[in-house]
Amino acid sequence: IRTLGFSPALLGVTIAMGGVGALGGALLFPTLTRWVGFGPAIIVSAMVSAASAFLIPFAGGPKILAIAMMIAAQLLGDSFGVAMLIGIKSLQQSVFSAHLLGRVGAAMRAAGGAIAIVGAVAGGLLAGPFGIRAMLFVAAAGILAGLIWTIASPIRRLRALPLASA
């Protein structure tokens, strides 16, 4: 808030744009799947969502530009992030037996939470000597780099959602 000179109300409106983006992402995923296939739709959604994180450390300059960049980060990040999650959760429900879905969901949530904690602590410790913007760039690069596994996986060749397992 201080770095960009946003009031709490302006920050709230900016973050609320993520909700608008999330709704758009829910509507976007079926169309994206028809255009590029199921697996590639997950990958494209993940890449756009991750790349949008770079808008945050780039935000600055005239206040209107900073606002636009932060709103764009929220709209793109949340819309494509939700689209990606719809694809991932649909795939999980399709390939895992119903009795395993709770455990799979919990494991994914725990792994994501653990990574977020490590990143937050490291970013907080390193922001002092290197600066907030530098750490936000590192975080965005880390999010994008994390997609290497997904891009290299067989999911990129998945054209349609597999039939659900029993």
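Since we're looking at a predicted model, the values are computed, not measured. Here, residue 1 is the first one in the sequence, and each next residue gets the next number.
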Straight-line distance of Ile143 CD1 to Phe54 CZ, nearest 0.5 Å: 8.5 Å

Which heavy atom of Ser94 sits nearest to which heavy atom of Leu161, and what is that distance? CB-CD1, 3.8 Å

Which pairs count as side chain to side chain donor-acceptor pair (under 3.5 Å) when at least one residue sits in residues 137-162, sequence neighbours excluded? none

Ala50 versus Leu147, closest heavy-atom pair with distance: CB-CD1, 3.8 Å

If you round to the nearest 0.5 Å, how far is CG of Leu75 from CG of Leu55? 10.5 Å

Can you confirm whether more than 12 heavy atoms, excluding those of Ile132, are under 6.0 Å from its CD1 atom? no

Would you please test Val82 and Leu23 for side-chain contact (heavy atoms from CB on, under 4.5 Å) and show each step? CA-CA 8 Å; Val82 164; Leu23 179 59; over 6 Å; no

Shortest non-hydrogen separation from Ile56 to Ala73 and the atoms involved: CG1-CB, 3.8 Å

Specify the closest pair of heavy atoms between Leu136 and Pro57, including all atoms of both residues, with the distance to one decimal. CB-CB, 3.7 Å

Interatomic spacing from CG in Leu4 to NZ in Lys63 - rounded to 0.5 Å: 9.0 Å

Please report the shortest heavy-atom distance between Val95 and Pro162, naming the atom on each side. CG1-CG, 4.1 Å

Is there side-chain contact between Val138 and Leu126, with heavy atoms separated by less than 4.5 Å? no

Non-neighbouring partners of Phe38 that pass ring-ring contact (aromatic ring centres under 6.0 Å, His included), sequence neighbours left out: Phe29

Do the side chain of Ser49 and the main chain of Ser45 share a donor and acceptor less than 3.5 angstrom apart? no

Report the distance from atom CG of Leu144 to atom CD1 of Ile151, rounding to the nearest 0.5 Å. 7.5 Å

Verify same cluster id: Leu76, Trp35 (apolar side-chain graph, 4.5 Å): yes

Quick check: closest heavy atoms across Thr3 and Arg133, and the distance to 0.1 Å? CG2-NH2, 3.7 Å

d(Leu125 CG, Met135 CE) to nearest 0.5 Å is 10.5 Å

Linking I/L/V/M/F/W/Y whenever their side-chain heavy atoms sit closer than 4.5 Å, directly or via other members, would Leu27 and Val36 fall into one cluster? no

For Leu158 and Leu91, run side-chain contact (heavy atoms from CB on, under 4.5 Å): C-alpha distance rounded to whole Å, both residues' side-chain angles, the deciding distance at 0.1 Å, then the answer. CA-CA 10 Å; Leu158 186 62; Leu91 183 59; 3.7 Å; yes

Look up atom CD1 in Ile42 and atom CG in Leu85, then write down how far apart they are to the nearest 0.5 Å. 10.0 Å

Checking the side chain of Ser97 only, and the main-chain atoms of Leu100 only, is there a donor and an acceptor separated by less than 3.5 Å? no

4.5 Å side-chain heavy-atom contact, Gln92 and Met108: yes

Same cluster (ILVMFWY, side-chain, under 4.5 Å), Ile115 and Met84: no

CZ of Phe6: more than 12 outside heavy atoms within 6.0 angstrom? yes

